[in-house]
Structure formats: C-alpha cells, structure tokens
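Data block below; observations after.
Keep in mind it's a predicted model, so treat the numbers as computed, not measured. Lettering of chains follows the sequences in order, A, B, ..., and the numbering in each one begins at 1.
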2 protein chains.
Amino acid sequence: MSTPGLTSSAAGSSQVEAANTEGYEAPAGITVDPVVFAPRAGRLCVLLVPRHLPPDAGRWALPGGFMSRHEAPEETAQRKLTEKTAVGHVYLEQLATYGSPHRDPRGWIPAIAYLALIDSAVLREDETEARWFPVDELPPLAIDHERIVHEGVERLRGKLWYSNIAVGLLPERFTLAQARQLYESITGVRHEVSNFRRTLEQSGLIRATGEVHQGPTGRPARLYEFIERTPSWSRRRSRIPALAGS
Amino acid sequence: MSTPGLTSSAAGSSQVEAANTEGYEAPAGITVDPVVFAPRAGRLCVLLVPRHLPPDAGRWALPGGFMSRHEAPEETAQRKLTEKTAVGHVYLEQLATYGSPHRDPRGWIPAIAYLALIDSAVLREDETEARWFPVDELPPLAIDHERIVHEGVERLRGKLWYSNIAVGLLPERFTLAQARQLYESITGVRHEVSNFRRTLEQSGLIRATGEVHQGPTGRPARLYEFIERTPSWSRRRSRIPALAGS
DNA sequence: TAAATAGTGTCTTTAAGACATTATCGC
DNA sequence: GCGATAATGTCTTAAAGACACTATTTA
C-alpha cells in the first residue's frame, strides 16, 4: 500500500514539485479517491482509512492513492478498492475532480474522486485498518475529504430514484422490504409500503424473479432483481411538459 | 495564448514526461477544457478553435489550455474563456475529468472539462479564430473532444428543467417565447405554449418583472427573470413516493 | 378589421399520497 | 387462531397533456 514518496514530506515546509521534459511545471501527482458506500445495519456507511503520516495524521481519509501513468483512473480506483476491501466488482462512477493547487499541503496534487457502491453481501472487515462510518457520523477527515463524501452522498441521493444506481448496494436478488429499507437509509425519507412498491415497479428498473424469500416469520416475500446491472435510467415519465407528438 | 511547450512535440514519437522532486512520475500537465455553449439563431452552439499543431492539426478543439499551479481549475477555465471570447461572466460548472494516460498522444495529460454557458446577448465574434458550431453539426474534433461535447449537452439537457441552469443562456430579462425557443433548441422537444408557461412558472425559478417587451407586431410579451442567478434547483415536487409526515 | 403574437381556462390523463383491506407464513 | 410480515385495492391529490378560447398589439 506504499504511497510513493509524497506521504511524508511537507511536515515543515518543503513541497513536492514537478516539471516535465520541456521544462514546464507539472502537478506533483494525481490521486484517485474512491468514496466507497455500503449499507451496514440499516445505515449508509462510507469506507475510511486512518492516516498515520502528514498531512492530517490522525484523521481519517478516503482509501485512495496515487495514479500511475500505466492505468486509467477507474483502474486506479478499482485497484485501491480491492487492496483495501478484498471486494471484487463494484459500481463505479466518476464524481468530480478537486484540483485547486492549494488543497493539499504537500503540493499541487489534484484528486479525482469516484463514487463506488458495494453490496453488503460481499463486504468483509479483515486485517486492514479500513473502517466503515455512517455517513451522518463522520470522524474528522483529512484535507477536503469531508466535502468529497458529502458530494458523493448527494450524487447517490439525486440518482437513486431516477437510475438503477442502487444495483450497487443491493444483493443480486432482493425483497422490496430490503430495497425500501435501503432507500430510506440513503435519503432519510420514509416511504409508504404500497406506494414504494408501485413506484419502484413502475420505474421499469426491476422485475420479479418468481422466487420468494422466507423470513423467520410472516408471509414470504417475492424476490426482485434489477433488469440491467449496467447504469441505466428509469423509464418513468420525466414529468416535463412536451407535445405528445414529439 | 502560448500553450507552454507541449503543443508541438510528439509529431513523431517523443512524448513529454514529468517527474516530481521525489523522483516519482507525474502527469506532464493538466488541461482545462471549457465546453462553451450559447444559443445562436435558435440553435445550441458550442465554441471551438482550430488546431494548427499536432496532435490532430486541422481538427477543431475545445478552447482550453494548460492549468498552472497558480490558479484553481475554474480560474483557468474562466481565463481561457475571456482570452478567446471577450465574454465576462459565465455560468461555469465542472463536467468531468478525462484522465486516461493514453488519451493525448503528447503524454500523460488529464483534462478537466467544464460546462460554460453564455448569454447570446454578450456574444461577440471578433478577430480570434474561435467559431461557433451547432452541437448537431460538429466538425471533426481533436482527441476525445467530441465525447466531451456530447457529455456537456447531456448534462445541460438533464438539468434544464430541474435547475436554473438556463440562467446562463438567457438574457437577464426574457419572454416566455424566448425561453421556450431556447428549451426546445436544447432538448429537441416541442412544447405546448400554455403548458410550458405553467410548468416554468410553477418551478419557482422565475418571476415576472412587470415590464413588457413589444415585438414588431402582436401583443407585448411580459418579461421574466430568474429569481436566483446562482445555481439552484426547481421547487417542483420531486415526484418521489414519500410519507407526507417526513 | 385582419394578422400576429401573448396569455387564460379547463378537461383529461398520469402518477404519487393515504389508508383500508386481504394474503400467507410459523407457531 | 394469532402475530408477523407481504401484497392488493382504491380514493384523493398534484401536476402534466391537449386544446379551445380570449387579449393586445401593428398595419
């Protein structure tokens, strides 16, 4: 998990700088910072790692790392993720780039943030130091990572009902109660059961598998799955005024 | 408008590379590429500049440039814009970052793309080589700029009805006919006049100024303005199932 | 008054909000 | 049968779609 070079400097004042072969200044590096979300115990949680070195030693940070010239940023995000969580496939989507030259005291180091969603079923807390925190109970975060986490939550909330983004957070087959619980934990909004069912079914994003799941008590629940597992949009009418003919 | 160093190399094979003061590889540079939209003659147009140097000499490109360590990327975007269009204020919003190390033949040069919206009233075609192209009649574009333009159009379409993003494309005071014409040119969807009026008024984004505008013929049209000129969202009900109490 | 453009009224349709009811399981 | 959970039915409400109509200007 070596973060080449730039981890330890700038405690005092020396900044890392870079120049290209034509003599012009260049960024000292680029980090890729995945904002990893997963539902845990009915709450939306984010994966963080403790920082042991400056800057902001003692605070928590996104499980990111430096990008190399040999991989695309999505690949870096995926790699950092598997390094720290032993999770295979994730839903990955670029969030934003934080490029102000002064955001990182080590030097000019832009960060490309990614939204990464993990199904709780494949979660694993292992020997790494990474820990999950509910998004509404964040510890002190390094640099501008708190802002990045919040923008990740906003993105997730904004797309939740209009896309199949929840495919990344639910098991392959799920009950509507599971989905409702997840949606409520993300948005903080309670939903009436039958209306939730109707709206999600009408979205065209999910379908019943025909199987059922028997809980410890009560009527068995039907299992559903997302029709598409790759990013797609709800077919619900956009509620925007248009002429029918067009 | 000097683009330091990296404009001319790599015609043959030599790539620009960079390393930081700790000896690790670094990006050769970062470009900031604004996707500048403006309505012209009833069509949504994008601002492009011709490339005279490799790579992709002869093709058109976004009016971007290299970021320096002395400005934030939004400032670079704003600067490039004023250099090339003599336009003052614009609506600026980060679009995405294209960071694959192989996207630019000159070397590892990520691009941060920005969506920039300009009111047609402050447009000016001057001595620069920049030209406007309708977004549905693009010339051959350099590198991956066509993809970037398309993602810009998608972002604009997606937010059009849910935010005041059109504030960047309309004059300070506008008639509903103007707005309708703009909305139709962006989305390609025709709107019924009275429904368009009702929906836009109910969005809570605009208000009547009390003034009217007299065209060459016909009844004078009321002038409207956006209540907020900074980014904000429609207050239209989100059409998402929720319990009223929450 | 005719042509042109702006604005209103209203009925229909779609989909969400509320809430009562029925269904199916283990015990 | 009882408690627990899942699923259905339906009335109300909000907002878009369609379209007929009225209003105000210039020539």
Out of the candidates B/Arg197, B/Arg198, B/Glu192, only one should pair with B/Ser194 under the side chain to side chain donor-acceptor pair (under 3.5 Å) rule; please name it.
B/Glu192
Is the distance from OP1 or OP2 of D/dA14 to the nearest side-chain N or O of B/Gln202 less than 4.0 Å?
no
Between C/dA4, C/dA6, D/dA6, which nucleotide has the shortest distance from any of its atoms to the side chain of B/Thr217?
C/dA4
When rounded to whole Å, the CD to C1' distance for the pair B/Glu192 and D/dA15 reads 15 Å
When B/Ala221 and A/Gly215 are each assigned the nearest nucleotide of DNA chain C, the 5'-most assignment goes to B/Ala221
Taking the side chain as C-beta and beyond, is there a heavy-atom pair between A/Glu129 and A/Val49 under 4.5 Å?
no
Between C/dG7 (P) and B/Gln214 (CD): distance, integer Å
11 Å
With a 4.0 Å cut-off, would you call A/Glu151 and A/Arg155 a salt bridge?
no
Length of the CD-C1' vector between B/Gln178 and C/dT5, whole Å:
14 Å
Mind calculating the distance between CZ (B/Phe196) and P (C/dT5) to the nearest angstrom?
17 Å
Atom CG of B/Asn195 and atom C1' of C/dT8 are separated, to the nearest Å, by 12 Å
Atom CZ of A/Arg180 and atom P of C/dG17 are separated, to the nearest Å, by 14 Å
Just say parallel, tilted or perpendicular for the rings of A/Trp161 and A/Tyr183, cut-offs at 30° and 60°.
perpendicular
Check the phosphate of D/dT8 against A/Arg222, side-chain N and O only, distance under 4.0 Å to OP1 or OP2. Yes or no?
yes
Figure out the CD1/C1' separation between B/Ile206 and C/dG7, and round it to whole Å.
14 Å
Using atom CZ of B/Arg219 as one end and atom C1' of C/dG7 as the other, report the distance to the nearest whole Å.
5 Å
Any idea which of D/dG9, C/dG7, C/dA16 is nearest the A/Ser194 side chain?
D/dG9
Counting any heavy atom closer than 4.0 Å, what does A/Arg198 reach on the DNA or RNA strands: base, sugar-phosphate only, or nothing?
base
Name the orientation class of the two ring planes belonging to B/Tyr162 and A/Tyr162 (parallel below 30°, tilted from 30 to 60°, perpendicular beyond 60°).
tilted
